[in-house]
Amino acid sequence: MLDPRLTRTELEQTAVQLARRGFRLDTATIGALEARRKELQTQTQHLQAERNASAKAIGQAKAKGQDAAPLLAAVADLGDRLKEAEAQLTAVQDELNDILMGIPNIPHTSVPDGKGEGDNREVRRWGDTTQFDFTPRDHVDLGGGLGMLDFETAAKITGARFALMSGPLARLHRALIQFMLDLHTSEHGYTECYVPYLVNADSLRGTGQLPKFAEDLFALGGEHGYYLIPTAEVPLTNIVRDVIIEDVYLPRKYVAHTPCFRSEAGSYGKDTRGMIRQHQFEKVELVQVVRPQDSYAALETLTGHAETVLQRLELPYRVMALCTGDMGFASAKTYDLEVWLPGQQKYREISSCSNFEDFQARRLMARWRNPATGKPELVHTLNGSGLAVGRTLVAIMENYQQADGSIRIPQALQSYMGGKAMIGPD
RNA sequence: GGAGAGAUGGCCGAGAGGCCGAAGGCGCGCCCCUGCUAAGGGCGUAUGGGCCAAAAGCCCAUCGAGGGUUCGAAUCCCUCUCUCUCCGCCA
């Protein structure tokens with residue numbers, strides 16, 4: 001959520017900044033609602049003050065044994081008028097709040113302008129694209145050939161967009177998770193967390209998935225109304241919801257491995273082949289909660305932490321600065337990491353690292369006590385995939401494949417694979 | 001699933017229709033006193049919001065959440081959430 005002060009006093013300037021990302025701010029409606037809100041709030045508070053004053057007077061009169069009847073008569077209709085005013089105020093505030101909750105974050109000045117994916121800017125590139133003296137296959141053929149990756153059986157068990165892995169490939173998938181967690185905890189200073197995979201609506205509102213993106217989520221029926229997490233960002237970032245953090249405890253750096261569940265509504269013909277886009281996938285997620293003045297430096301280091309995973313695995317990638325039109329709803333600035341996939345002859349997204357500034361913090365009421373002012377102020381939140389495990393597995397399969405369909409195991413993972421250096425058809 | 005108890009400020013804890021944004025204590029901050037080992041005194045110490053150019057000031061809201069009763073609710077009534085104890089069940 002944006003600072004309501006922006007839509008109260010700097011409405012036009014805010015509209016200009018939001019237009020950069022293709023969002024049209026309805027300034028006429030907001031301006032009118034704000035004027036109405038102000039009027040109703042003033043009126044309501046006057047009536048409340050009147051009620052408080054007369055209630056006090058009645059109490060004092062009764063305490064002195066005086067007749068309170070005339071005082072009571074004077075406020076006879078006050079309750080009704082107050083109730084009416086409060087109802088109108090609530091209605092306007094709700095309407096305004098609905099609009100406010102649907103406004104995306106303002107892009108940082110360093111974010112390149114653009115409409116979509118094609119306007120993203122390459123920041124740097126690491127490694128050369130893998131060369132083969134045979135025609136490289138994609139992970140679906142490779143996994144199928146090994147008999148360790150099976151989409152048909154997964155479709156029988158559940159449906160489309162699920163995968164069944166088995167044997168050494170399933171172990172490699174698990175090894176990746178252990179490797180990433182060990183790297184981030186022991187070398188990058190993150191605190192490992194185990195978190196709930198089911199969350200309530202408040203948590204999803206806090207990080208910005210609700211109310212606008214309900215169709216992307218899997219919702220559980222029943223009395224609880226819980227949702228399956230689309231990313232560990234939700235439980236990890238919500239650790240600091242409604243919390244005032246003392247300065248000495250900043251920055252907070254959390255890492256968790258979780259499954260992620262996404263309905264992928266609206267992506268029907270996209271990436272239908274293989275493990276790239278699944279309803280369920282594993283991800284190791286990095287979250288940082290930092291002082292506002294530190295958040296842009298933190299975005300660079302956090303992105304670097306995710307890059308380290310790719311470098312240790314010796315997977316070629318590039319870093320893209322997302323343009324204004326391609327950024328997520330809550331983000332002020334995002335870098336995507338794209339890994340080279342020989343099967344597609346393309347760079348594909350494997351991590352997304354974002355600075356949300358105070359956008360999430362405001363919804364979360366996540367604050368720190370600023371020693372300079374002594375007051376609670378909003379923190380800045382960041383997160384990034386470190387990395388998407390399924391896609392990392394795909395990248396390893398495709399980049400480390402041999403002519404015979406076997407797959408070499410990257411050096412960094414061999415200790416997690418019981419010393420094995422190769423996955424072959426046996 | 002059954003039975004019971006509870007939720008008050010940074011923490012502990014009182015309060016049982018008006019004098020309560022809330023006693024008292026602890027902690028924390030500032031000031032004073034005293035130098036002889038560890039104390040004494042004073043003051044202050046929640047959050048969000050409105051009016052205002054801003055400050056000051058005034059006002060509103062908040063005692064787990066939401067509704068209700070009342071001129072007036074931390075206090076009475078209803079619903080929900082969470083915590084604890086006992087029993088059952090369970091990985």
Side-chain angles (χ1 to χ4, degrees), chain A residues 1-13 30-31 33-97 99-101 194 196-206 210 220 222-227 235 238-250 259 358-379:
Chain A
M1 197 160 97
L2 297 180
D3 189 340
R5 262 182 282 271
L6 291 177
T7 47
R8 275 175 206 160
T9 62
E10 295 169 39
L11 191 54
E12 295 304 328
Q13 297 95 303
I30 295 173
L33 281 169
E34 272 297 344
R36 180 105 180 98
R37 190 217 90 239
K38 194 176 284 195
E39 179 195 328
L40 283 168
Q41 186 160 345
T42 307
Q43 184 196 343
T44 303
Q45 292 190 348
H46 272 307
L47 289 170
Q48 285 169 329
E50 198 182 326
R51 177 202 62 197
N52 291 347
S54 48
K56 196 165 222 173
I58 291 164
Q60 283 168 351
K62 285 196 172 175
K64 289 182 195 152
Q66 297 167 348
D67 180 15
L71 287 167
L72 284 169
V75 296
D77 68 329
L78 189 62
D80 289 338
R81 284 195 291 150
L82 182 55
K83 215 165 267 183
E84 171 63 22
E86 282 175 341
Q88 285 184 34
L89 178 60
T90 305
V92 171
Q93 280 176 330
D94 285 351
E95 202 175 333
L96 212 40
N97 194 47
I99 294 173
L100 245 42
M101 287 294 273
Y194 172 82
Y197 302 158
L198 299 179
V199 294
N200 58 37
D202 282 341
S203 290
L204 289 159
R205 267 190 289 274
L210 287 180
L220 268 59
E223 52 177 325
H224 290 298
Y226 294 152
Y227 296 82
N238 273 277
I239 290 172
V240 297
R241 170 149 57 92
D242 296 323
V243 172
I244 299 172
I245 307 163
E246 293 303 326
D247 181 62
V248 292
Y249 294 118
L250 290 175
D358 63 12
F359 189 88
Q360 292 182 327
R362 185 169 292 105
R363 294 171 168 232
L364 293 162
M365 284 299 278
R367 294 169 295 173
W368 67 306
R369 200 170 289 279
N370 184 349
T373 62
K375 292 281 172 197
E377 297 171 14
L378 296 171
V379 294

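By convention in this document, chain letters (A, B, ...) are assigned in the order of the sequence lines, proteins followed by strands, and residues within each chain are numbered from 1.
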Using OP1 and OP2 only, check whether a side-chain N or O of A:Lys375 sits under 4.0 Å from B:U45. no
Using the side-chain heavy atoms of A:Lys62, tell me which of these nucleotides is nearest: B:G50, B:U47, B:G18. B:G18
side-chain N/O A:Asn52 vs B:A61 OP1/OP2, d < 4.0 Å: yes
What does B:G18 pair with, Watson-Crick or G-U, if both distances are under 3.5 Å? B:C71
Quick one: do A:Arg205 and A:Asp202 satisfy salt bridge (Lys or Arg N to Asp or Glu O under 4.0 Å)? Show the steps, please. CA-CA 5 Å; A:Arg205 267 190 289 274; A:Asp202 282 341; 2.7 Å; yes
Nucleotide opposite B:C36 in a Watson-Crick or G-U pair, distances under 3.5 Å: none
Considering heavy-atom distances to RNA chain B, does A:Gln41 or A:Val75 have its closest nucleotide positioned more toward the 5' end? A:Gln41
Would you mind pulling out the nucleotide paired to B:A56, Watson-Crick or G-U wobble, both distances under 3.5 Å? none
So which nucleotide does B:U83 pair with, by the Watson-Crick or G-U wobble rule with both distances under 3.5 Å? B:A5
Side-chain N,O (A:Arg369) to OP1/OP2 (B:U47) below 4.0 Å: yes
With a 3.5 Å limit on both atom pairs, tell me what B:C28 is paired to, counting Watson-Crick and G-U wobble, or say none. B:G44
Minimum-distance nucleotide to A:Leu72 side chain [options: B:G50, B:C71, B:G48]: B:C71
In terms of side-chain heavy atoms of A:Gln48, which of B:C82, B:A61, B:G50 is nearest? B:A61
Below the 4.0 Å mark, does B:C51 have OP1 or OP2 next to a side-chain nitrogen or oxygen of A:Lys38? yes
With the side chain of A:Lys83 defined as its heavy atoms from C-beta on, choose the nearest nucleotide among B:C59, B:U69, B:G18. B:U69
Side-chain N or O of A:Arg367 closer than 4.0 Å to phosphate OP1/OP2 of B:G48: yes
Give the nucleotide from the list B:G49, B:U47, B:G72 with an atom nearest to the side chain of A:Arg51. B:G72
If you find the nucleotide of RNA chain B closest to A:Glu50 and the one closest to A:Ser54, which residue's nucleotide is nearer the 5' end? A:Glu50
Let's see if you can work this out: which of B:C60, B:G48, B:G18 has an atom nearest to the side-chain heavy atoms of A:Ala55? B:G18
Determine which nucleotide pairs with B:G66, using a 3.5 Å limit on both distances of a Watson-Crick or G-U wobble pair. B:C78
Which of these nucleotides, B:G49, B:G48, B:C71, is closest to any side-chain atom of A:Arg8? B:G49
